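Notes follow once the structure below has been shown.
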Amino acid sequence: MEREPDTDPIIDLIPAMVWSATSEGMLDFANQHFLEFIGAPLEEISGVGFYKLFHPEDTQHLASEWHEIMASKTAREVVGRLRRADGKYRWCTLRQKPRLDAEGNVVRWYGVVLDIEDRKQAENALKATKTALAASEENLSLIINSLPVLVWSARPDGSADFVNQSWLDYAGRPADQILEWGFLDLYHPDDIPGMVDIWKRDLEHSDHTVLKGRIRGADGNYRWFYFAGRKLVDANGVVRWFGVNIDIEDLQCAENALRESESALRESERNLNLIINTIPAMAWSCTPDGRLEYWNQNLIDFVGLPFEEIVGFGFYRMFHPDDVERMRVSWEDIIQSKRGRPVDARIRRADGEYRWFNLRQNPLLDSDGNVVRWYGVVVDIEDRKRAEESLRQSQSDLAHVTRMTATGELAVSIAHEVNQPLMAIVTNAGTCLRWLQPGHTDLEQARLAAERIVKDGHRAGDIITTIRAMAQKLPARIEQTDFKPAVREVLDLLRGELQRREIEVILDMSDAPIEVIGDRTQLQQVVLNLVMNSAEAMTNSSRARRIALRCAADEQLVSVSVSDTGRGVPIDELDRVFEAFYSTKADGIGMGLSICRSIVEAHGGRIWASAGENGVGSLFTFTLPMLEGESTHGR
């Protein structure tokens, strides 16, 4: 279909949807803006094809309007919904005008389509707002008349110009007997002078009023009311007062009863305070956010500090400097979790000496589970702490004896392990000298022999260093260590003994370093004990003697397992093998696995025993926490 070339450039620039149709109403032109809006070429909408652009609910109406316009040859505005290129319908207004010939016949129709979606939405919103406003006014009136209080409004001079239905129902009078100054007839005669003075004073000098007085009801009885009002000025500067009268008769009676009970309550509090301050314990209480608000006299006397210095968060100052940050973190965690748990810390006594205490606390919760207050006690555990330290020292001494015993039992194998690199050193030294003799000089061969001497010397030194660490009686050194070389050092130490027993060792460890925090010697002792237990379990075994040592790590734990093909541990004894002095060996003293458990648990780990694969042998597994920030995924 041909467009009119002489008008296209201008029409396409018009910011409106322009169209034209034949005298019979057949669409034969649409400007570019129109085509872009509907997202279709002219060929699809020409003729009567434009009807498919209308919303199905509007098509019949718009078609009828168009036929009436063509019949009357008179233009008028028509509103309907057109489908946009994205498939959405938008409200539009369709305007048209005919071009007539000299006889008044229609030669052509021209028109525009204007998008009025925003206007339509605004009109709908306005209608909705008016409807909501009318409903709101009706609801407001209903609410005011339904409120269980006496609502009123007054003029600037204090005379009433409105009372709600509750006012009328309470007084049992019509509104004309209460409005203006008629409400004063209902006030108690003894209250009127004071109430009127306050009312007039507030009218002149304040923007609100508050007072109490008695009002006579329909039954002739007076009841106490609380009066509250506020001055409001509207946009036109008109001043009015609005307020409510609230029935407080029951409250007034309760206040009288409360005054009588307050004296008894104060006496009860005095007695309770006396009891708390005289019991042989140190008690305290805190606010929900953890601020100290009460501490009994016993604890104040112990720390020798005035309560004013430890109230709030000042109580941290009485702890040992090394315990303050740990106590702060623990207390904040307890506050957040709303669950009490015992915490140990050192508290400075009035004479400057620090003693260990156990701090216990418990929250008082409301019906919604919110903390109302924290209550707690402080218990002296200095003697217990000293006993625990003595026990730890005894365990350390026992572990040292066990290491020395194991080292002694392996003396022959260790000597063999040390002798091997020493003999290699002697051999390589002779070779080095031979290559340095005149006539046989070969510096490269001599250098290689010297390097072998250094290597074998380091190997012998490593074995001796491991034996020395196992034999020394030193306090635990908790530090970062790579667990893999520590395991290999133990296996190097046991190589001769395991070869003598004809035991094959399978070592399965990842390539990445496995960093843990702990005492290297103690952790090596655990591995040594487990490997030697497995070796001894395969004594006189007819099966292939094999020990599998596997070490793996995830993002949180290091898992170490030692399995063997020995006689295994009876199922009913798996839970007892870690008990002190319990042994499945005839000549065992039953301390090796007990020490292993103490060491592993002291490092924050766990150890357990189970049956081996397919019921063959035994499997001992222990876990240790990974060094924070380390994982196999990050390497």
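Just so you know, these numbers come straight off a predicted model, no measurement behind them.
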So do [Y] and [X] actually touch side chain to side chain, heavy atoms under 4.5 Å?
X      : Y      : value
Phe37  : Val113 : no
Tyr226 : Val210 : yes
Phe620 : Cys596 : no
Phe54  : Leu82  : yes
Val526 : Val560 : no
Phe183 : Ile215 : no
Arg348 : Leu305 : yes
Ile246 : Leu251 : no

What distance separates [X] [atom1] from [Y] [atom2], expressed to the nearest 0.5 Å?
X      : Y      : atom1 : atom2 : answer
Ile116 : Arg90  : CD1   : CZ    : 10.5 Å
Trp91  : His55  : CH2   : NE2   : 8.5 Å
Thr287 : Trp374 : OG1   : CH2   : 11.0 Å
Leu186 : Trp167 : CG    : CH2   : 5.0 Å
Ser285 : Leu292 : OG    : CG    : 7.0 Å

| request: Look at the rings of Phe225 and Phe227 and say which category their plane angle falls in: under 30° parallel, 30 to 60° tilted, over 60° perpendicular. | output: perpendicular

| query | How are the rings of Phe319 and Phe315 set relative to one another: parallel (under 30°), tilted (30 to 60°) or perpendicular (over 60°)? | reply | perpendicular

[X] to [Y] - nearest heavy-atom pair and separation:
X      : Y      : answer
Arg355 : Phe302 : CD-CZ, 4.3 Å
Leu94  : Gly80  : CD1-N, 4.3 Å
Ala553 : Met626 : CB-SD, 3.7 Å
Pro189 : Tyr222 : CD-OH, 3.8 Å
Asp207 : Trp241 : C-CH2, 3.7 Å
Met17  : Asp115 : CE-N, 4.3 Å

Scan the side chains in residues 195-202 for donor-acceptor partners under 3.5 Å anywhere in the protein, sequence neighbours excluded, and list what turns up.
{"unit_1": "Trp199", "atom_1": "NE1", "unit_2": "Gly158", "atom_2": "O", "d": "3.2"}
{"unit_1": "Asp202", "atom_1": "OD2", "unit_2": "Thr209", "atom_2": "OG1", "d": "2.6"}

Please check if any side-chain donor atom of [X] sits under 3.5 Å from a side-chain acceptor atom of [Y], or the reverse.
X      : Y      : answer
Asn221 : Asp219 : yes
Asn245 : Trp152 : yes
Ser153 : Arg240 : yes
Glu77  : Thr93  : yes
Gln336 : Glu332 : no

| Full working for side-chain contact (heavy atoms from CB on, under 4.5 Å) between Arg291 and Phe313 | CA-CA 6 Å; Arg291 298 175 185 270; Phe313 291 114; 3.5 Å; yes

Using 4.0 Å as the upper bound for N to carboxylate O, is an ion pair formed by [Y] and [X]?
X      : Y      : result
Glu353 : Arg346 : no
Asp157 : Arg155 : no
Glu123 : Arg119 : yes

| Between Asn362 and Tyr375, is a side-chain contact (heavy atoms from CB on, under 4.5 Å) present by the stated rule, with each step listed? | CA-CA 5 Å; Asn362 204 39; Tyr375 294 98; 5.7 Å; no

Is it the case that atom [atom1] in [X] sees more than 12 heavy atoms from other parts of the structure closer than 6.0 Å?
X      : atom1 : result
Arg76  : CZ    : yes
Gln60  : CD    : no
Glu138 : CD    : no
Arg328 : CZ    : yes

| message | Before you tell me yes or no, could you show the steps for Thr481 and Val516 under side-chain contact (heavy atoms from CB on, under 4.5 Å), namely the whole-Å CA-CA distance, both residues' side-chain angles and the distance that decides it to 0.1 Å? | response | CA-CA 6 Å; Thr481 184; Val516 297; 3.7 Å; yes

| field | side-chain contact (heavy atoms from CB on, under 4.5 Å) assessment of Ile334 paired with Val343 | value | CA-CA 10 Å; Ile334 290 170; Val343 182; 4.0 Å; yes

Identify each donor-acceptor pair in which a side-chain atom of residues 141-149 lies under 3.5 Å from a protein atom, sequence neighbours left out, and give them as a table.
{"unit_1": "Asn145", "atom_1": "OD1", "unit_2": "Gln165", "atom_2": "N", "d": "3.0"}
{"unit_1": "Asn145", "atom_1": "ND2", "unit_2": "Ser141", "atom_2": "O", "d": "3.1"}
{"unit_1": "Ser146", "atom_1": "OG", "unit_2": "Leu142", "atom_2": "O", "d": "2.6"}

Between the side chain of [X] and the main-chain N/O of [Y], is any donor-acceptor distance below 3.5 Å?
X      : Y      : answer
Gln361 : Arg341 : yes
Ser136 : Ala132 : no
Gln480 : Ile517 : no
His603 : Asp519 : yes
Asp368 : Asn370 : no
Asp333 : Val329 : no

| Val151, Leu150, Ile178 screened by side chain to side chain contact (heavy atoms under 4.5 Å, CB included) with Val163, the one that passes | Ile178

| query | Of the options Asp380, Val379, Asp344, which is the one that meets Phe357 in a side chain to side chain contact (heavy atoms under 4.5 Å, CB included)? | reply | Asp380

